[in-house]
Protein chains: 2
Amino acid sequence: MRNLNLAQDDLLAMPRLVRATLINGLSGYKCPVLIGTVSGNGQTNLAIFNSLVHIGANPPLLGFIQRPLTVDRHTYENFKASGYCTLNFITERLHREAHQTSAKYERSTSEFEAVGFSPVFDESFQAPFVRESPVRLGLRWEEDHHIRANDTRLVVGRIETVFLPEPMLHEDGWLDWDLVDVVASTGLDTYHRAQRLSRLAFARPDEPLRELD
Amino acid sequence: MRNLNLAQDDLLAMPRLVRATLINGLSGYKCPVLIGTVSGNGQTNLAIFNSLVHIGANPPLLGFIQRPLTVDRHTYENFKASGYCTLNFITERLHREAHQTSAKYERSTSEFEAVGFSPVFDESFQAPFVRESPVRLGLRWEEDHHIRANDTRLVVGRIETVFLPEPMLHEDGWLDWDLVDVVASTGLDTYHRAQRLSRLAFARPDEPLRELD
């Protein structure tokens with residue numbers, strides 16, 4: 001295959017939307033999640049995010065990137081105000097409805113109702129989970145950081161509850177993602193099915209690499 | 001399948017390593033990349049990172065999470081000092097060697113040599129690319145943020161060069177990741193092959209969702 005080598009000037013010369021689509025695609029495979037929150041007056045909100053990032057295991061922290069706050073950002077406002085949000089992984093069967101949550105609904109419309117997902121409330125947790133999702137996390141607000149370069153924010157939450165199919169969790173803590181048909185995504189609109197190639201042992205210098213299982 | 005519901009106390013009761021493995025797995029599918037840098041005295045460094053995150057398209061920004069700086073962090077030091085790093089996507093054929101770069105080599109050892117990758121220098125760019133990788137990005141240092149909760153850092157870079165197979169880039173900016181056998185990963189040690197399910201149109205309230213292509 002012929003290769004392309006794009007420099008800064010080539011990127012800047014592209015039509016704005018073409019460049020945005022390209023740059024959104026350049027981070028490769030991600031794991032989209034539905035973030036569930038609730039506002040002070042009890043209105044539930046559900047939004048798809050594809051910028052989930054592992055921050056650390058001890059304490060258990062995850063982050064995501066929040067677009068600039070120049071328009072209403074229900075997820076961010078609700079998470080910050082209530083202190084809680086849920087992350088709900090998306091399966092192949094759910095991915096169309098999950099994508100539809102990205103439509104710009106009015107604040108008074110719950111995306112749960114608009115796309116047909118069922119909110120579940122856990123008594124210890126002030127945010128709605130998605131009943132249809134097989135893997136769900138409950139997060140508590142930890143901190144956020146303003147990224148000066150483009151006015152976005154890194155939002156960091158602490159994992160407080162984990163819900164998943166029992167066979168997915170192995171004794172050593174390893175999760176078998178092949179057991180659930182959770183999708184990966186690229187760009188803003190493309191969804192993928194993934195399949196395990198290998199699990200590799202901890203790497204050490206001067207030791208041949210071993211495959212686990 | 002029976003479900004597990006783990007609360008904070010269940011997580012804390014797990015042996016430390018089991019909990020770390022579980023939490024590392026909970027962010028789902030990610031896109032591991034090899035980050036190439038060079039030190040002031042010309043020593044090349046190559047390290048696998050699995051916390052790549054899209055920050056924004058305009059300007060084109062990507063981020064990754066840097067572990068605490070309590071031990072030597074060659075990638076972070078070199079990127080900050082030189083102002084440049086490269087991100088090199090990992091194919092199925094390369095994923096074992098890529099994983100091996102996570103072994104704790106001495107500072108005087110280049111992971112390029114240790115695992116058998118070829119560094120390529122672009123004249124406009126002070127960091128080595130991986131010749132064997134089909135998709136490579138050149139980043140310039142933008143900013144970093146200290147995450148107080150666990151002493152890690154979000155490192156943000158600006159995409160300055162893009163190298164990829166020409167057929168991968170469509171006219172509208174969309175990238176066909178199925179054309180290259182780039183791997184996804186879960187946890188710290190598991191690699192996956194991905195395959196496209198669908199590309200969905202921009203979602204609007206009160207409009208049925210369309211599939212693109």
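By convention in this document, chain letters (A, B, ...) are assigned in the order of the sequence lines, proteins followed by strands, and residues within each chain are numbered from 1.
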Inset, instruction - Using atom types as modelled and distance alone, determine if a side-chain donor or acceptor of B:Asn150 lies under 3.5 Å from a backbone N or O of A:Pro59. - result: no
Legend entry - Heavy-atom donor-acceptor pair, A:Trp177 side chain to B:Gly25 backbone, under 3.5 Å: yes
Inset, instruction - Without swapping roles, check the side chain of B:Gln100 against the backbone of A:Arg204 for a donor-acceptor pair under 3.5 Å. - result: yes
Legend entry - Toward chain A: residues of residues 121-136 of chain B with heavy atoms under 4.5 Å: none
Legend entry - A:Thr152, part contacting chain B, at a heavy-atom distance under 4.5 Å: side chain
Legend entry - Sidechain-backbone polar pair: B:Glu143 side chain, A:Arg148 backbone, donor-acceptor under 3.5 Å: yes
Legend entry - Under 4.5 Å from any heavy atom of chain A - which part of B:Ile55: both
Legend entry - Side chain / backbone / both / neither for A:Glu106 at chain B, heavy atoms under 4.5 Å: neither
Inset, instruction - Answer with side chain, backbone, both or neither: which region of A:Leu137 has an atom nearer than 4.5 Å to a non-hydrogen atom of chain B? - result: side chain
Legend entry - Side chain, backbone, both or neither of B:Leu87 within contact of chain A (heavy atoms, under 4.5 Å): neither
Legend entry - Interchain contact, B:Leu169 with chain A, by part (heavy-atom threshold 4.5 Å): side chain
Inset, instruction - Name the member of A:Leu62, A:Asn58, A:Asp9, A:Val33 that forms the most heavy-atom pairs with chain B at distances under 4.5 Å. - result: A:Asn58
Inset, instruction - Pick whichever of A:Pro167, A:Gly138, A:Ser102, A:Ala7 has the most heavy-atom pairs under 4.5 Å with chain B. - result: A:Pro167
Inset, instruction - Between chain B and each of A:Asn50, A:Asn5, A:Leu164, A:Ile65, count heavy-atom pairs under 4.5 Å; write down the option with the most. - result: A:Leu164
Inset, instruction - Would you mind checking which part of A:Ala149 comes under 4.5 Å of any heavy atom in chain B, side chain (CB onward), backbone (N, CA, C, O), both or neither? - result: both
Legend entry - Side-chain donor/acceptor of B:His99 to backbone N/O of A:Ala201, under 3.5 Å: yes
Inset, instruction - Could you look at A:His146 and say if it's the side chain, the backbone, both or neither that has a heavy atom under 4.5 Å from chain B? - result: backbone
Legend entry - A:Trp174: which of B:Thr21, B:Thr190, B:Thr186 passes side chain to side chain donor-acceptor pair (under 3.5 Å): B:Thr190
Inset, instruction - Name the option with the most non-hydrogen atom pairs under 4.5 Å to chain B; the candidates are A:Glu160, A:Arg193, A:Met1. - result: A:Arg193
